[in-house]
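Chain A is the first sequence line, chain B the second, and so forth, proteins listed ahead of strands; every chain is numbered from 1.
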Amino acid sequence: MLQVAFIRENKDAVIAALAKRNFDATQVIEDVLAFDESRRSIQAELDSTLSQSNKLSKEIGQLFKSGEREKANQLKEETGQLKERSKQLTEQLNEKAEGLTQLLYQIPNVPHESVPQGNTDEDNEEVFREGDVPQLGDKALPHWELAKKYDIIDFELGTKVTGAGFPVYKGKGARLQRALISYFLDKNTEAGYTEYQPPLMINEASGYGTGQLPDKEGQMYYVGADDLYLIPTSEVPITNLFRNEILSEDRFPICCTAYTPCFRREAGSYGAHVRGLNRLHQFDKVEIVRVEHPDESYKALDAMVDHVKNILRELKLPYRILRLCGGDLGFTSALTFDFEVFSTAQDRWLEISSVSNFEAYQANRLKLRYKDKNGKSKLAHTLNGSSLALPRVLAGILENYQTDEGIKVPEVLIPYAGFDTIS
RNA sequence: GGAGAAAUGGCAGAGUGGUCGAAUGCGGCAGUCUUGAAAACUGUUGAGGGUCACACCUCCGGGGGUUCGAAUCCCUCUUUCUCCGCCA
């Protein structure tokens with residue numbers, strides 16, 4: 001969430017920037033400032049009330065020590081009023097603080113100045129494109145047909161065991177999947193990211209920390225018996241590793257990578273566009289997460305974009321990079337670049353990575369801070385990106401690498417896969 | 001799952017209900033000494049709110065309670081350790 005002090009000092013700029021998301025913040029920001037104002041004045045009154053009663057308590061202690069019991073008992077009666085008053089004030093204060101937090105939860109992150117105005121994904125700005133689209137003509141099969149033809153992914157079998165959206169990979173399909181995971185992790189660790197294996201379930205506090213809660217509750221699988229959620233992405237457990245931390249500046253940059261399955265309910269999204277691997281309830285993803293000094297976070301974002309570019313270049317897949325417009329930008333993000341791979345047979349672009357800078361928005365919820373040179377605690381910046389999301393990369397490979405002899409394995413993956421063709 | 005013990009500042013570790021935000025040691029930082037370093041000595045060293053700056057307020061795992069007053073007493077939750085049971 002945004003910092004109240006920041007809102008107070010940049011009220012008009014915040015409202016103007018949020019307008020790029022088509023979010024009219026005028027009223028909610030008025031409310032925030034009003035709540036903050038009254039919160040602070042209540043706090044001041046409570047403080048002085050407590051101060052008085054602290055003073056009296058000390059006096060009473062002294063009087064008991066010196067044996068002046070009557071005088072002490074007199075003072076005791078005085079404290080009653082103060083106690084009552086501070087109880088009232090505390091209640092009011094909690095009310096205001098709670099109200100303030102609720103309001104702040106409703107305000108999305110302020111978009112970076114480079115974020116274009118826009119409403120939908122149509123308005124995203126293409127900033128880069130690379131790779132040749134193979135000319136396959138009408139023979140091109142979509143990946144779900146290829147998967148069936150070569151018997152490497154079974155969608156029906158997953159339906160039997162669990163339900164729709166839980167595919168079963170088999171044989172060379174499973175092996176190729178594992179090859180991709182290893183390859184991605186190797187690329188990431190070579191680039192300086194430390195590999196983690198985090199828990200696949202998170203508690204409520206973690207969900208709030210990265211912004212999945214309270215709003216996107218319905219997107220996560222909930223394990224009621226133990227009050228836990230299945231992770232929708234490893235961003236959540238990895239970023240939360242740093243919740244409630246005060247780092248020394250020399251810890252930066254913090255670079256983490258993790259492979260995990262991801263679980264998403266995807267409530268309400270069914271139809272032609274979710275066929276095959278396009279949209280799943282369970283999928284594998286290798287993620288990169290960074291915690292950065294605020295002065296360095298945009299450099300870090302560029303580095304992450306370059307890193308993902310390199311991987312796609314090595315895989316020789318046709319892809320493009322989009323700068324998301326205000327309307328398509330995630331709630332917690334300040335700037336996001338989406339990577340899309342071209343799906344030849346479907347004749348459409350598939351999102352395979354989303355690289356974002358959250359600036360201090362998550363850090364504020366996480367209480368993730370660092371100590372600056374003057375010994376002051378400041379909020380750090382958090383970033384993350386996929387490198388990469390497996391199913392759609394796999395879909396891209398299957399479709400773009402299909403030949404009459406079978407599906408060729410991208411050169412860089414052959415050592416990992418142990419074969420060069422799926423036939 | 002059952003029985004018991006514990007949770008204090010970066011770490012270790014004291015703390016009789018009343019100058020305890022907290023002794024002491026280590027670590028960190030600054031200084032003295034030194035050509036420089038080490039050692040030694042001196043000082044300093046938690047977080048949040050609030051203020052122009054002070055004052056002041058809150059925080060001793062989380063939440064609640066008793067009391068004029070709680071790190072200290074009570075309830076509850078969480079976590080850790082030991083023993084037993086179960087188990088990949």
Side-chain angles (χ1 to χ4, degrees), chain A residues 1-9 32-104 197-209 213 223-229 237 240-252 254 261 291 360 362-380:
Chain A
M1 57 191 168
L2 299 177
Q3 294 164 267
V4 179
F6 179 81
I7 295 177
R8 207 187 302 148
E9 285 156 29
V32 163
L33 294 179
F35 264 79
D36 181 51
E37 185 65 42
S38 59
R39 197 214 86 221
R40 278 187 295 161
S41 77
I42 293 168
Q43 179 83 63
E45 196 185 339
L46 176 62
D47 284 359
S48 72
T49 309
L50 288 172
S51 176
Q52 284 178 54
S53 95
N54 285 345
K55 234 173 254 168
L56 275 181
S57 292
K58 272 178 194 163
E59 276 179 47
I60 292 172
Q62 291 298 329
L63 290 174
F64 270 121
K65 244 180 206 169
S66 55
E68 301 172 72
R69 221 181 272 152
E70 250 176 61
K71 237 177 164 179
N73 284 327
Q74 248 173 356
L75 284 185
K76 264 198 201 181
E77 281 166 32
E78 273 183 52
T79 60
Q81 274 184 22
L82 290 172
K83 236 185 143 180
E84 187 54 36
R85 183 70 188 138
S86 67
K87 208 173 164 185
Q88 287 171 4
L89 287 167
T90 303
E91 261 169 44
Q92 290 176 28
L93 185 71
N94 289 341
E95 234 168 75
K96 293 293 175 186
E98 177 60 22
L100 185 59
T101 311
Q102 289 308 321
L103 288 171
L104 288 171
Q197 287 191 12
L200 304 182
M201 293 195 231
I202 52 146
N203 56 27
E204 200 177 47
S206 295
Y208 276 95
L213 296 176
V223 185
D226 294 290
D227 201 19
L228 297 170
Y229 298 85
N240 272 284
L241 297 175
F242 303 96
R243 176 153 45 90
N244 272 323
E245 293 282 332
I246 299 177
L247 307 162
S248 63
E249 268 189 322
D250 56 20
R251 290 279 305 277
F252 295 128
I254 295 174
V291 181
Q362 289 183 329
N364 193 28
R365 290 193 179 191
L366 293 159
K367 292 203 172 63
L368 166 47
R369 293 160 294 177
Y370 69 95
K371 219 163 227 166
D372 73 6
K373 289 179 193 71
N374 303 319
K376 279 261 179 197
S377 297
K378 300 248 177 75
L379 293 174

Which whole-number value in Å describes the distance from [X] [atom1] to [N] [atom2]?
X	N	atom1	atom2	result
Glu245(A)	A47(B)	CD	P	14 Å
Lys367(A)	G46(B)	NZ	C1'	16 Å
Lys58(A)	A70(B)	NZ	P	12 Å
Leu93(A)	G48(B)	CG	P	18 Å
Tyr370(A)	A47(B)	OH	P	15 Å
Leu368(A)	A47(B)	CG	P	16 Å
Leu247(A)	A47(B)	CG	C1'	15 Å
Asn244(A)	G9(B)	CG	P	14 Å

Going by atom types alone, do [X] and [Y] pair a side-chain donor with an acceptor below 3.5 Å?
X	Y	result
Glu98(A)	Gln102(A)	yes
Gln43(A)	Arg40(A)	no
Asn73(A)	Glu77(A)	no

What integer number of Å spans the [atom1] atoms of [N] and [M]?
N	M	atom1	answer
U79(B)	C41(B)	C1'	43 Å
A88(B)	A7(B)	C1'	31 Å
C74(B)	G1(B)	P	26 Å
U16(B)	G69(B)	C1'	16 Å
G28(B)	U19(B)	C1'	29 Å
A47(B)	C11(B)	P	13 Å
G46(B)	G9(B)	C1'	5 Å
U72(B)	A38(B)	C1'	44 Å

| task | Check every strand shown and say whether Thr79(A) touches a base, only sugar-phosphate, or nothing at a heavy-atom separation below 4.0 Å. | result | sugar-phosphate

Quick check for you: to the nearest 0.5 Å, what is the distance between [X] atom [atom1] and [Y] atom [atom2]?
X	Y	atom1	atom2	result
Glu249(A)	Lys378(A)	CD	NZ	8.5 Å
Arg365(A)	Ser206(A)	CZ	OG	12.5 Å
Leu247(A)	Ile254(A)	CG	CD1	4.5 Å
Thr101(A)	Tyr208(A)	OG1	OH	10.5 Å
Ser86(A)	Asp47(A)	OG	CG	11.0 Å

| task | Using only side-chain N and O atoms of Arg369(A), determine if any of them is under 4.0 Å from OP1 or OP2 of G48(B). | result | yes

| said: Quick check against the 3.5 Å criterion: does Asn244(A) have a side-chain atom that pairs as donor or acceptor with the backbone of Lys367(A)? | reply: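 Looks like no, no N/O pair under 3.5 Å.
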
| query | What stems involve RNA chain B, if each pair must be Watson-Crick or G-U and both of its distances must be under 3.5 Å, with 3 or more such pairs in a row? | reply |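 Consecutive-pair runs (3 or more) involving RNA chain B: B:1-7 with B:78-84, B:10-12 with B:24-26, B:27-32 with B:40-45, B:46-49 with B:56-59, B:61-65 with B:73-77.
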
| task | Just do the side chain to side chain contact (heavy atoms under 4.5 Å, CB included) check on Leu368(A) and Leu379(A) with the steps written out, would you? | result | CA-CA 6 Å; Leu368(A) 166 47; Leu379(A) 293 174; 6.0 Å; no

| message | Within the 4.0 Å limit for protein heavy atoms, which parts of nucleotides 52-66 of chain B are touched? Write it as a string from 5' to 3', B for base, S for sugar-phosphate only, - for none. | response | ----SSS--------

| Pick the nucleotide of RNA chain B nearest each of Leu56(A) and Arg40(A); which residue has the one closer to the 5' end? |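 Its nearest nucleotide being more 5', the pick is Arg40(A).
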
